[in-house]
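Taking it in order: structure first as structure tokens, then the write-up.
When a ligand or atom number is given, it counts from 1 through the structure's own listing order. Keep in mind the model is a prediction, meaning the values are calculated, not measured.
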Amino acid sequence: MCGIVGYIGPKNAYPILIKGLKRLEYRGYDSAGIALLNHDLNILKKEGKVSDLENFVIGKNIEGTIGIGHTRWATHGVPCDRNAHPHVSNSRNLAIIHNGIIENYASLKTGLEQRGYRFESDTDTEVLLNLIEDIQKKEKITTEEALRFALNEVVGAYAIVLLDKSDNDKLLAARKGSPLVIGIGKDEFFIASDKTPIIEYTKKVVYLGEQEIAVLGRDGSLEIKTLNNIQKTPYIEQLEMDLEKIEKGGYEYFMLKEIHEQPQVILDSMRGRMNAEKGWIKLGGVSEFATRINNAQRIIITACGTSWHSGLIGEYLIEELARVPVEVEYASEFRYRNPIVTASDVVVAISQSGETADTLAAIEMAKERQALIYGICNVIGSSIARASHAGSYTHAGPEIGVASTKAFSTQITILTLMALQLAKNNGSISESKLRQILYEMETIPTKVKETLNTNDKVEKIARKYKDAKNFLYLGRGINFPVALEGALKLKEISYIHAEGYPAAEMKHGPIALIDENMPVVFIATNLSAHEKIVSNIQEVKARKGKVIAIVIEGDETISKLADDVIEVPEITEILSPLIAIVPLQLLAYHIALMRGCNVDQPRNLAKSVTVE
Ligand code: G6P
């Protein structure tokens, strides 16, 4: 979380930085700021969004061919101008932007205060900056060396970019735990938390490695060293992403665009990995570890947020099809207890961004215990993808809306393929059943497209319930995690309290909440549990609750009972989450829009959570 961007070269830095910050705003939007170096350090920062910063700088000096920019997701200190980045050192010679958390900042701060340093903000970042300055002064060394010494003293995670007023020709950067990408242009460098601010200018990039420091020179030199002062040769990679993929493409919000991209990205995530006619599945990246994966005694799935929900669906899929025991763990819990993980376990880490700090730490812990790590990530080259032994990319393309939609669908697609591949390898599925499921998978993109046609109906339903204070989402079996995800979507972007529950568990608590003001969304696409779902709907109706049901086309029984019905195409039950989630995403989207919420940038949230 927090987006950082930097530029050094012949052009004016400001427009590049502002555009870059807009692209990174999904990472946090509590405040935004820019530092430009034009022999003098010019700091412009403001609480709020990047657009607030743009208004603030009108009429101000924005000259400078070297600069850094930051969009913040607050950790230490409330969102306000004072806590906005960039921060300047006590001598006003250094400016810094930072993404991450310096865990030992309190003790460092006390030491610095005793040496006379004063702090303008409540941030850990300002402490790191003054530590660099203090070391530089004390040791009489270069800023670069002082940076390296300081980073060896701090505990925590960081991606930082540093400006030194006394050197107009250099940008310094370092990372540990939080990502940084360097773009190499003609006589210019770009640096950012991800590639989206860079792609417009160059496709040549270097991913800065863990615990590495980079010095970007105006003369075109790029020097990379480790924190132990070992010189590294930059490994230049070629980006393949198009600019248009990160623009809104005519949609009002990224979230709506991304919901509508689902037919295509599901297809992309299946492409080249299965063939129904020939009955084969091939998930890349596994061959080297095929034996260990096939012989896994147990699979542990670990993830956060929406990715954790797809993990729960993965549990149903793998246990049902491959008969391998699966446990699903919140990464934040898993990493801090003392779980039993052995060399015979496969740990599957699911992450859209590939940067979620808890998920990354969870796999590092599992790696130490000799488990094989399989990463399911969307962002190519991300930290979790790199830290995994094997893995599959979801190929959903850049997901900008903070509430995850298309990444979720592609994660489920990969998990389905994984379950089928395991089942095929261990003989727990017949050839005919395998083919039948693969054929059905091929129909999913079309069926998701058809489901998107429910949009107008969903919008009408949204209008009816937009003022509700609470929502309950109920599902059974493989659609229980869909209920959780539907509830999460609604609470994330509309701020309505929503809970997901297994439908049968309702009678052990949530039923007490039901009255005429409580909308209850039933995910009723499981044919095997149809009668039971009908009974659950009756229980809600008997208490005057309002029922919104997602049903298979032609389901007259539930249509007669429910207040509102959304019909979706029929599909074999284990694949139904991919269809059922679509109207729930649309429902959350329309309700949030009608309530005047910022759908793409919900309050307090960020897309990439690189802090614990
Ligand atoms: C944040 C995002 C969620 C996401 C979760 C896990 O909370 O707002 O949309 O599901 O992080 O992120 P990951 O990138 O690991 O999937």
Check: Any salt bridge between E212 and R175, counting N to O under 4.0 Å?
Finding: no
Check: Is any side-chain heavy atom of K49 closer than 4.5 Å to a side-chain heavy atom of T71?
Finding: no
Margin query: With a heavy-atom distance limit of 4.0 Å, tell me whether L605 approaches ligand 1 through its side chain, its backbone, both, or neither.
Written below: neither
Check: Which protein heavy atom lies closest to atom 5 (C) of ligand 1, and at what distance to 0.1 Å?
Finding: C304 O, 4.0 Å
Margin query: Show the atoms of ligand 1 that are less than 4.0 angstrom away from any heavy atom in S307.
Written below: 10 (O), 13 (P), 16 (O)
Checklist line | Nearest-contact summary for atom 10 (O) of ligand 1 - protein heavy atom, Å | finding: T306 N, 2.9 Å
Notebook entry, point to check: Is the charged tip of K248 near the ring of F254: under 6.0 Å from the six-membered ring centre and within 45° of its axis?
Noted result: yes
Item checked: G381 backbone acceptor or donor facing R386 side chain under 3.5 Å -> yes
Check: Which protein heavy atom lies closest to atom 7 (O) of ligand 1, and at what distance to 0.1 Å?
Finding: V609 CG2, 3.9 Å
Next item on the list: Give the residue, atom name and distance (to 0.1 Å) of the protein heavy atom nearest atom 2 (C) of ligand 1.
Entry: A606 O, 3.5 Å
Next item on the list: Under 4.0 Å from a heavy atom of S404: give me the atoms of ligand 1 that qualify, with their elements.
Entry: 9 (O)
Notebook entry, point to check: Is any NZ, NE, NH1 or NH2 atom of the basic residue among D30 and R72 found under 4.0 Å from an Asp or Glu carboxylate oxygen of the other?
Noted result: no
Next item on the list: Give the ring-plane orientation class for H389 versus F289, where under 30° counts as parallel, over 60° as perpendicular and anything between as tilted.
Entry: tilted
Next item on the list: Apply side-chain hydrogen bond (donor to acceptor under 3.5 Å, both in side chains) to Y29 and D600, showing your working.
Entry: CA-CA 11 Å; Y29 27 82; D600 283 339; over 6 Å; no
Note to self: Give me the residue, atom name and distance of the protein heavy atom closest to atom 12 (O) of ligand 1.
What the structure shows: T356 OG1, 3.3 Å
Next item on the list: Flag T359 as yes when one of its N or O atoms lies below 3.5 Å from any N or O atom of ligand 1, and as no otherwise.
Entry: no
Next item on the list: Using a 4.0 Å heavy-atom cut-off, say whether V402 meets ligand 1 through its side chain, its backbone, both or neither.
Entry: both
Item checked: Close-contact set for ligand 1 against S351 heavy atoms, below 4.0 Å -> 13 (P), 14 (O), 15 (O), 16 (O)
Note to self: Whether R603 engages the ring of Y495 as a cation-pi pair (distance to the six-membered ring centre under 6.0 angstrom, angle to the ring normal within 45°) should be assessed.
What the structure shows: yes
